[in-house]
Amino acid sequence: MERKWWKESVIYQIYPRSFMDSNGDGIGDLQGIISKLDYLKELGVDVIWLSPVYQSPNDDNGYDISNYQEIMDEFGTMEDWEQLLDGLHSREMKLIMDLVVNHTSDEHPWFIESRSSKDNPYRDYYIWRSGKNGKEPNNWESAFSGSAWQYDEKTDEYYLHLFSKKQPDLNWENPKVRQEVYEMMTWWLDKGIDGFRMDVINFISKVEDLPSAPIQNPNKPYQSGGQFFVNGPRIHEFLQEMNREVLSKYDIMTVGETPGVTPQDAVLYTGEDRHELNMVFQFELMDVDSGPNGKWDLKPWKLTEIKRIMSKWQNELNGKGWNSLYMNNHDQPRMVSRFGNDTTYRIPSAKMLATFLHTLQGTPYIYQGEEIGMTNVRFDTIDDYRDIETLNMYKEYVNERHIDPQKVMESIYVKGRDNARTPMQWDESEHAGFTTGTPWIAVNPNYKEINAKKALEDPDSIFQYYKKLIQLRKEHPIIVYGDYKLLLEDDEKIYAYTRSFGKQKLLVILNFSKDQVPFHLPEEVQFNSKELLISNYSVNEAQEIKQFSLQPYEARVYLVS
Ligand code: TEU
Ligand code: CA
């Protein structure tokens, strides 16, 4: 397998609106990020993935772009952006930008032109259809509730929006759209960025005649049309064209956000001979605690299910593609609350989960605040929430489907995206040092106990543990490239696996439970010598490990030979 810098990197995602506010308007900004570059360098991350900072009306907090080549006013100026890029490069860190080209904002000049008349040259930059018997062109639902179609009076047609009404889908069948996107990408790459994270990039190719979906969920007026646009008919053709026209000309990395992707698809997206992308974000792990009616339909996860999913991805991409490794981002609840324990065992469980993500084969992603064990939030009322996905769902479930508001709030507490969007907790001063003004969304009340300042001062903090994991990845190629093999497949509390690389073997033992559990080393794992690389409890290194008792959420990594 070829060695690549993006395989050996650790990537840190910044959601700029919530990272650091430098001018007291309560909204994070580029100068705020610049003031924290030494913090990021201290952590030891290699690449920063910056969520969108382009001009946007912020209907979906920047994922609705009205100008791809201007910086959002609230975030600062293009000069600030240049200063950020220089600040990263001078610290030997790289920058990848968020590419959102499945849709634009409805305030983008292209859409303003497109909606102005049926024969406008930009009409076919978007997906317009006449209604059927006074209704939408088909029964697809939007990810943000309601129909995926919006009626536009002026030309008596509907336009498609898989997300909010203010996020009209671009028509990738139109070669002019593709050309415009490639020119914009080239413009950013020529400014010196180091790659892209590509927003729902596997949605851009839709089945030509946009057929209605079969009724899967009878108690919903609209149905998921996913089978007609997830990994659509021309997706590989489009990505290979994008690679040929743009990506192949630079030493960069790309990661596709691909809901609904399988490992078989991922081999097609990330195989080095495919000339498409370097890696993708899979969603099987993120769906492990969703019931049949989607993410808000809460279901407890099972460790054996997590093992099945992650082992499949480790094994099927080994030598054929490349994994991204994440449990957190701006769309997901906080991992220590979801997969660990955010009360009694917050610190050991956060370290255990970090050990999991950073000892698998693939590129690990850290989402802002994960490195200090930030947790989910429970605001008292829906009025404290900001995310369009949450607010639209609340209206649909409570006002239209008359579901008990408290039950809906419980789903929001567990799965809402604002769990990840409360301001980064820097110190114990007011608003956690994020802003001197009023934050756009309230700070999690636990900031006095959980903040970066405390983490930097505490040698046993989650931050220091992440720093050590990142360092280990640099020192031991086996962690990046070693072959994965699952152990104890049926154990519902212990997740153990080995990584093999030449004569070396890594043994990873993780207790995913709050119980003290006996561990028995499987016969198949034979070795003469062992070296403890990292653990989240103090361990007597001379201790025999053929069988011993694991503490709650205990993690151990041994290098054996
Ligand atoms: O997310 C795409 C996506 O699938 C989300 O709908 C996600 O699965 C869902 O929110 C989980 O609850 C991308 C961006 O990451 C997200 O922030 C945007 O809202 C969305 O695309 C539209 O751009
Ligand atoms: Ca600001």
Side-chain angles (χ1 to χ4, degrees), residues 1-11 43-47 253 263 266-267 270-272 278-279 285 306-307 309-327 351-366 464-489 494-512 519 521-536 539 541-543 545-546 550 554-561:
M1 191 188 310
E2 249 191 291
R3 297 193 63 152
K4 299 274 184 187
W5 61 263
W6 40 266
K7 291 183 178 177
E8 301 175 1
S9 294
V10 174
I11 302 185
L43 181 58
V45 295
D46 305 286
V47 181
M253 68 156 279
V267 168
T270 68
E272 287 175 15
N278 297 137
M279 63 189 98
L285 178 60
I306 291 179
K307 289 182 190 180
I309 292 167
M310 294 309 279
S311 301
K312 180 177 72 170
W313 278 88
Q314 288 287 296
N315 294 329
E316 298 200 15
L317 262 59
N318 185 15
K320 295 192 202 127
W322 195 251
N323 275 291
S324 67
L325 305 165
Y326 77 99
M327 284 180 148
K351 292 176 179 178
M352 183 279 291
L353 293 170
T355 309
F356 174 56
L357 286 180
H358 289 256
T359 57
L360 289 171
Q361 187 184 85
T363 297
Y365 287 73
I366 299 170
Q464 302 299 348
Y465 192 89
Y466 265 86
K467 191 175 163 183
K468 197 168 172 207
L469 279 172
I470 294 165
Q471 195 48 39
L472 279 178
R473 183 168 274 272
K474 300 239 167 304
E475 288 162 7
H476 301 277
I478 185 171
I479 296 179
V480 179
Y481 296 104
D483 296 339
Y484 164 99
K485 189 173 185 320
L486 179 65
L487 306 172
L488 306 175
E489 188 174 356
I494 301 172
Y495 194 149
Y497 48 92
T498 59
R499 304 282 310 281
S500 305
F501 193 65
K503 290 194 177 48
Q504 280 190 325
K505 202 178 276 289
L506 206 70
L507 170 60
V508 182
I509 307 163
L510 308 167
N511 180 0
F512 264 74
F519 171 74
L521 184 67
E523 276 301 306
E524 67 185 271
V525 183
Q526 298 293 326
F527 53 81
N528 300 316
S529 68
K530 70 178 187 309
E531 177 195 349
L532 181 67
L533 291 186
I534 191 167
S535 63
N536 60 353
V539 171
E541 297 211 23
Q543 176 197 14
I545 63 167
K546 292 221 181 309
L550 281 166
E554 181 167 5
R556 296 192 191 189
V557 182
Y558 288 96
L559 193 57
V560 300
S561 53

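Just so it is clear, the structure is predicted and the values come from calculations on it, not from any experiment. Along the sequence shown, residues carry numbers from 1.
- Ile470 has its side chain within reach of Val45: a pair of non-hydrogen atoms, C-beta onward, lies under 4.5 Å apart.
- Judged by distance alone, with hydrogens and angles left aside, the side-chain atoms of Asp483 form no donor-acceptor pair with the main-chain N or O of Arg499 at under 3.5 Å.
- With hydrogens and angles ignored, the 3.5 Å screen pairs a side-chain donor or acceptor of Asn536 with a backbone N or O of Ala555.
- The pair Lys4-Glu272 fails the salt-bridge criterion, with no side-chain N (NZ, NE, NH1 or NH2) lying under 4.0 Å from an Asp/Glu carboxylate O.
- In this structure, Thr270 and Asn278 have side chains that are not in contact, with every pair of non-hydrogen atoms separated by 4.5 Å or more.
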Give the intermediate values and the outcome of side chain to side chain contact (heavy atoms under 4.5 Å, CB included) for residues Leu510 and Val508.
CA-CA 7 Å; Leu510 308 167; Val508 182; 3.9 Å; yes
If you apply the rule side-chain hydrogen bond (donor to acceptor under 3.5 Å, both in side chains), what do you find for Asn318 with Gln361, and how did you get there?
CA-CA 8 Å; Asn318 185 15; Gln361 187 184 85; 3.2 Å; yes
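- A 4.5 Å side-chain heavy-atom check between Gln314 and Leu325 finds at least one atom pair inside the cut-off.
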Let me see the working for Leu559 and Ile478 under side chain to side chain contact (heavy atoms under 4.5 Å, CB included), right down to the final yes or no.
CA-CA 9 Å; Leu559 193 57; Ile478 185 171; 4.3 Å; yes
Would you give me the side-chain donor-acceptor pairs under 3.5 Å for residues 500-507, sequence neighbours excluded?
residue	atom	partner	partner atom	Å
Ser500	OG	Lys505	NZ	3.3

Show your reasoning for whether side chain to side chain contact (heavy atoms under 4.5 Å, CB included) applies to Ile306 and Tyr495.
CA-CA 9 Å; Ile306 291 179; Tyr495 194 149; 4.2 Å; yes
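- No donor-acceptor pair under 3.5 Å is formed between the side chain of Lys530 and the backbone N or O of Ile545.
- Remark: Tyr326 pairs with no residue by the side chain to side chain donor-acceptor pair (under 3.5 Å) rule, at least two apart or across chains.
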side-chain hydrogen bond (donor to acceptor under 3.5 Å, both in side chains) between Trp6 and Thr363, worked out
CA-CA 7 Å; Trp6 40 266; Thr363 297; over 6 Å; no
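- Residue Gln543 qualifies as enclosed at atom CD: its count of foreign heavy atoms under 6.0 Å is above 12.
- At least one donor-acceptor pair under 3.5 Å links the side chain of Lys307 to the backbone N or O of Leu488.
- Atom CG of residue Leu285 and atom NZ of residue Lys312 lie 11.0 Å apart, to the nearest 0.5 angstrom.
- The main-chain N or O of Ser535 is never found under 3.5 Å from a side-chain atom of Lys351 such that the two would form a donor-acceptor pair.
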Can you list the steps and then say if Asn323 with Met279 is a side chain to side chain contact (heavy atoms under 4.5 Å, CB included)?
CA-CA 6 Å; Asn323 275 291; Met279 63 189 98; over 6 Å; no
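- Aromatic pair Phe356/Phe512: ring centres closer than 6.0 Å.
- Under the 4.5 Å side-chain criterion, counting only non-hydrogen atoms from C-beta, Val557 is not in contact with Leu532.
- Counting only distance, with no hydrogens or angles, the side chain of Gln526 and the backbone of Glu523 share a donor-acceptor pair below 3.5 Å.
- Here the straight-line distance linking atom CD1 of Ile534 with atom NE2 of His358 works out to 10.0 Å at 0.5 Å rounding.
- Taking a cutoff of 4.0 Å between a charged side-chain nitrogen and a carboxylate oxygen, Glu8 and Arg473 do not qualify as a salt bridge.
- Among residues two or more places apart in sequence or in another chain, the ring pair (Phe, Tyr, Trp, His ring centres under 6.0 Å) test is passed with Tyr484 by Tyr497.
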